[in-house]
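First up is the structure itself, then whatever we jot down about it.
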Amino acid sequence: MKRSVPLLITAVGGFALIVAYFIPYTEALGETVAVWFDILAAIAFILGGGNLLKQHLKKISDRGPGWGYSGVVIGSFLITLFIGLSKVGVPPLAEFPDFAWSGDFIGIGTPFWFIYQYAFVPLTATMFAMLAFYIASAAFRAFRAKNLEAILLLGTAFIILLGRTFAGVALTNWIDPTGPFAGLRIENLTVYIMSVFNTVGNRAIMIGIALGIVAVSLKVLLGVDRSYLGKE
Amino acid sequence: MRRWITASACLVWTTAAAAQVPGGPTGLEAVDYPWDNGTRIQLTWSLSPDDDTLLGYAVRRRLADDPQQTLIDILPPGTSAYTVPDLDPELAYLFAVTAIAQDNTESAPASTLAPVTPSVQAFDGTRLWFMVTLVLFSGAVVVFIRMARTGRDLKVRKIAGLEAVTEAVGRATEMGRSCLYVPGIQDMNDIQTIASMNVLSHVARTAAEYDAKLEVPTSKSLVMTAARETVETAFLSAGRPDAYNPDLIYYVTDEQFGFVAYAQGMMVREKPAACFYLGSFFAESLILAEMGNSIGAIQVAGTAQPAQLPFFVAACDYTLIGEEFFAASAYLSGEPDQMGSLKGQDVGKLIVAVGILAGVGGMTLAAVTGSDLIQSMVDYFTQRMLT
Amino acid sequence: MADFVLNQWWLLAAMILSLVPLVLQFTRDGVMPTLETLDRRWIFLIMFWAVLVPIYYIGVTGETFPETPSALAEATFEEIERLEEGDRLLLAFDFDPASEGELGPMATAFVKHAAEKRLRLYFMALWPIGPQMIADAINEIILVDYPDMVYGEDYVNLGFKSGNEGVIKVIVTNLRELYTTDARGTAIGDIPMMEGIENIQQMDLVVNISAGYPGTKEWVQYAVTPYPDRIRLVGGATGVQAPLLYPYIPEQLPGLLGAIKGAAEYESLVNAAYGGDDTDPKYLEALRRMGPQLVAHLLIIGLIIAANVIFFLNRRRVARS
Amino acid sequence: MKRDTLVWTLLMVVGAAALFGRAVFTTDGMGREYVEAVPVGADGQQIQFQASTYGAFLAAQAADPNQTDIQFSLPRSIGLWIAALFTLAILSFLYGDNPFYRIAEAIVVGVSAAYWMAVGFWTVIVPNLLAKIAPGMIQGWAMPGLTGPEADQNLWYVVPMILGVMLLWRLAPTGAWISRWPLAFIIGTTAGLRMIAFLHGDFLAQIRNSIVPLVVLTQEGFDLSASLTNLIAVVGVLCCLAYFFFSFEHKGMVGHAAQAGIWILMITFGAAFGYTVMGRIALVAIRLEFLLDDWLWLIDPIGRRVA
């Protein structure tokens, strides 16, 4: 019951969808399953949120290092959740003034919108922006001509970077754009690298990935890989 | 400069004065396309007597209960058959084909008289070749898994990143620091996350054997659930069920940058000695890898997101590229079943290589000789078998 | 420049002060040892200034760095330049506010260029939020700077249609099947400039600005590929998307603007041809954004060079000892 | 290290004081948001506030000193200041871990987890689950516009609901194993769906695109550069595939091919790295523009604060 039924569900679910793909009447089954998955993932938020609360409440009750921050997590979580779920301050839609709950939960000017606009967006966007700093330190550390592979890696990155500045473009501007060496102009070099090597490399990676996915899927469906199903 | 005066543009003004009206096509027949999902109808007609002077043929369709005609396509002269795509299996259609002269004059149409409805069949024949492909590639994997079970010795090459897993966990134990495992930021409906769970099971087992602390923050609730089952099983099979602590496998937030804000803070405070990033990653890949590097951790990464591979390659000690990542759990387990699946993948690659060579050869031959027969064979290969 | 230094001395002073410890370390320990053990936070700090100072300089003075147009930007410019007054241009805006930083300036420059050429503009969108981007372009450029252009005669907004590449497949042969009205709800038959337009093969040029799916790739696959002689397409794409489009250049995609760099090149071409002496700052957005890009790129290039100098000097030292 | 921190802290305080002094004692100002009241709805009775600019406010004041259409917005100004401080708090991590970052981190975790939960509830649970099982009830509550075929009851959706309940069974004291059933369903269907999707989509497309003629003939005759490019493409793909072979050690013929394959992969990675830099710098430039322009009012490139 604990292990064989889930194994059966896995195999039947997977193979049924594969077969369904070839039968016109059932080919849309995959879309239905995708919608079901979204529903399950949304229900699973309860598990995640519960775990978040439990984990931080534990830190607070243990008075472990930084327990005050756990209080901040719980506070911001509960406030945001309450405002979001109860549509605090959301006016009903203009067409349906009698339906108090009809408004857009993130309508402009609502408290939830304020949280989104002035906390969520700046925090996540700045996190994203930190990549600019990390990309510089990674380039400084990793792009050293240790061997031929590293030379190719850094050489290509170097050419592409140079081609993105007007200084780099000016560097090869003396090459006749219609002459036999026009291909060495940095903008043409960039296009060539991107359209030939980059395409080829990605193509091979994609083919490999597809084969890997076939193998992993089959192993899952045949029950060769089943660690996620837990102990008997 | 009016380049848009082309055939289709001028169909609206069909009354060009004093033009010679071309002879129209005749005998238009419409039949349902066999073995499909009910979206196609096949048309055939006899060529116009003036075919060699024409600009082409215009194909139009209309619904049986609606007089409004819709232009579907304009075909080159010499065409006498066409498959109308993208139809609705619940509607009845009428079709008309006209010949267009060089001066855009249109002939009288050849029309179908009875409405035709595309019908849905029990099997989609347009996917027949795909089914063959599917059977071929899955068959290769299944056959080798079976062969492995009969006890054949299957050898595979070494992958440095995977050899390093045990070493990294061991080093973390020596240093008295933890191991960090990030299974990507996608949910369980991504095959990379599933593959990551398989790898996690082996990493967890190694950690249990070394008695190392293994921390698994996740970005999705379902992944947390699956990871807990996985790690618990691994600790059990390593004979250390008492050492399993579910609190070390926890949910952070669904938000990509919220998750990584937490992860980088946690890394700088706890300084894990071994970091594993295996799964589906996006922009956060570089933040994780740079942070891990700055705290001096041994880092093993693996993903099938081509766009993130460069950052892992630049900042991590070992990177499993695409297919290597999917092969990781097979390598780490060393079980014969798993080795068999690797061999199956290799056979798959061999088939791909042969297919590409055959296609390229055929196409080159067709280009050099100009042979229509070879060209049509290559077309069948690329247009039918590979779609 | 001198004025800037005099008036904004405090910013430069802050920058120099913050870098003093690094300079001290260089003089104390020597260049090589310092570089070898360089704390990565110095790289972060230099990067910070490399982005901030150009933004500030450009923001205060309004000056921008020069831009040398690449062949691709020139090809894009030429495609529009070749058209004549009254020719038809389809502008498909497939992006959202998240990518507006990169693509907004392209949209602005395309609309300005087309308006200067007196082309007839047909706007459409395959992204649900595209109409907002179209509205921005119309409100900020056509209504403000080209008030004599008449809606329905010189430009029309066909609005958003759902269905992704399916929409393209249909409108290449039959526009009216999907578009029965424009975005304002006016029947297509009542719009003067729609007269005689059956499908988008009648457009003299299609311009697609896209941030992903559906986007330029789909336009190439479903519009240009089946009708290579009748549909000409140029595009603008984000830095992430642009590499995926290179395989289509130049046969199926004669012109492509990639990221903010492409936008800046095109902007400089349009301004050189139609800007006049005192260009409105809103037509310089990409050029302004290129300032920090240029300095930061040069910094990364410098870092890579420095890293390799250290590496080779070290290796020689190891070989000698 | 301690002295470092002190110096930096002092510098920050001086900088902040200077900015504050500038905002208070000069006419430049900083960090204020303005809104415009726009009537909405069929009868124009409801008022919605839309973002406006200081420049528009000055212009409106000049035209009519008693106008109330464009006005200062205290909540949005507070929001702007909070956003700016959050931006600085996150950036401060580049120097090192610190309490400001830890607060920002705690807030981003809490807020974003709750944000996605609320989004999941209002965009998935309500319209895709509850509205399918009990359309009448949901129509009367939160989705008054639910009509037509969308409003038909569909009891199939009871299945995912039951699966969801099984998933939540983990929280119950006994029988946690029951949650493996929905997990098994998810993993099995994912395996089936992804396998088909990748094989039919990417896999076949990539093979198809690899098939090109090695001899390209055009109207002018033999096209050397196109032929060469095609040759590189075909050989390149085969070499990269050789790299991925697991059965052979990288020795001999296979070894050479695999070596060439890894070179091509390195060029691919280098190119992608170089290309991504531009987008990442744009991200930080936008954040700094936000600080300098929207918050500090130090720069005004598009004249938003000129009447």
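In the text below, chain A, chain B and the rest are named by the order of the sequence lines, each starting its count at 1.
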Tell me if the [atom1] atom of [X] is crowded by more than 12 foreign heavy atoms within 6.0 Å.
| X | atom1 | result |
| --- | --- | --- |
| C:Leu313 | CG | yes |
| C:Tyr213 | OH | yes |
| A:Phe181 | CZ | no |
| A:Tyr116 | OH | no |

Taking side chain as everything from C-beta outward and backbone as N, CA, C, O, which of these in [X] sits under 4.5 Å from a heavy atom of chain C? Side chain, backbone, both or neither.
| X | result |
| --- | --- |
| A:Leu161 | both |
| A:Tyr192 | neither |
| A:Leu162 | both |

Proximity breakdown for [X] and chain A, heavy-atom pairs closer than 4.5 Å:
| X | result |
| --- | --- |
| C:Phe311 | side chain |
| C:Leu299 | neither |
| C:Ala259 | side chain |
| C:Pro69 | neither |

*Heavy atoms only: give me the nearest C:Phe48-A:Phe133 pair and the separation to one decimal.*
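Here C:Phe48 and A:Phe133 meet closest at N-CE2, 3.7 Å.
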*Interatomic distance, A:Arg164 atom CZ to C:Ile260 atom CD1 [nearest 0.5 angstrom]*: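 Between atom CZ of A:Arg164 and atom CD1 of C:Ile260 there are 10.5 Å.
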*Can you tell me how far CD1 of C:Ile43 sits from CZ of A:Arg141, rounded to the nearest 0.5 angstrom?*
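Result: 9.0 Å between the selected atoms.
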_Among the listed options C:Ile300, C:Ile301, C:Leu72, the residue most often paired with chain A at heavy-atom distances under 4.5 Å_ =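 Maximum pair count with chain A is reached by C:Ile301.
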*Sort out for me which of C:Glu67, C:His297, C:Met290 touches chain A most, counting heavy-atom pairs under 4.5 Å.*
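Sorted descending by pairs with chain A, the first entry is C:His297.
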*Quick one: do C:Leu303 and A:Phe143 satisfy side chain to side chain contact (heavy atoms under 4.5 Å, CB included)? Show the steps, please.*
CA-CA 9 Å; C:Leu303 284 173; A:Phe143 285 176; over 6 Å; no
*Report the C-alpha distance between C:Ile310 and A:Phe140 in whole Å, list the side-chain angles of each, state the deciding distance to 0.1 Å, and finish with yes or no for side chain to side chain contact (heavy atoms under 4.5 Å, CB included).*
CA-CA 11 Å; C:Ile310 306 169; A:Phe140 178 68; 4.0 Å; yes
*asked:* Under the side chain to side chain contact (heavy atoms under 4.5 Å, CB included) test against A:Ser137, which residue among C:Arg41, C:Met47, C:Arg40 passes?
replied: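 Of all the options given, the one that passes is C:Arg40.
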*Would you mind telling me which of A:Arg144, A:Met130, A:Met194 has the largest number of heavy-atom pairs within less than 4.5 Å of chain C?*
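Most pairs with chain C among the choices: A:Arg144.
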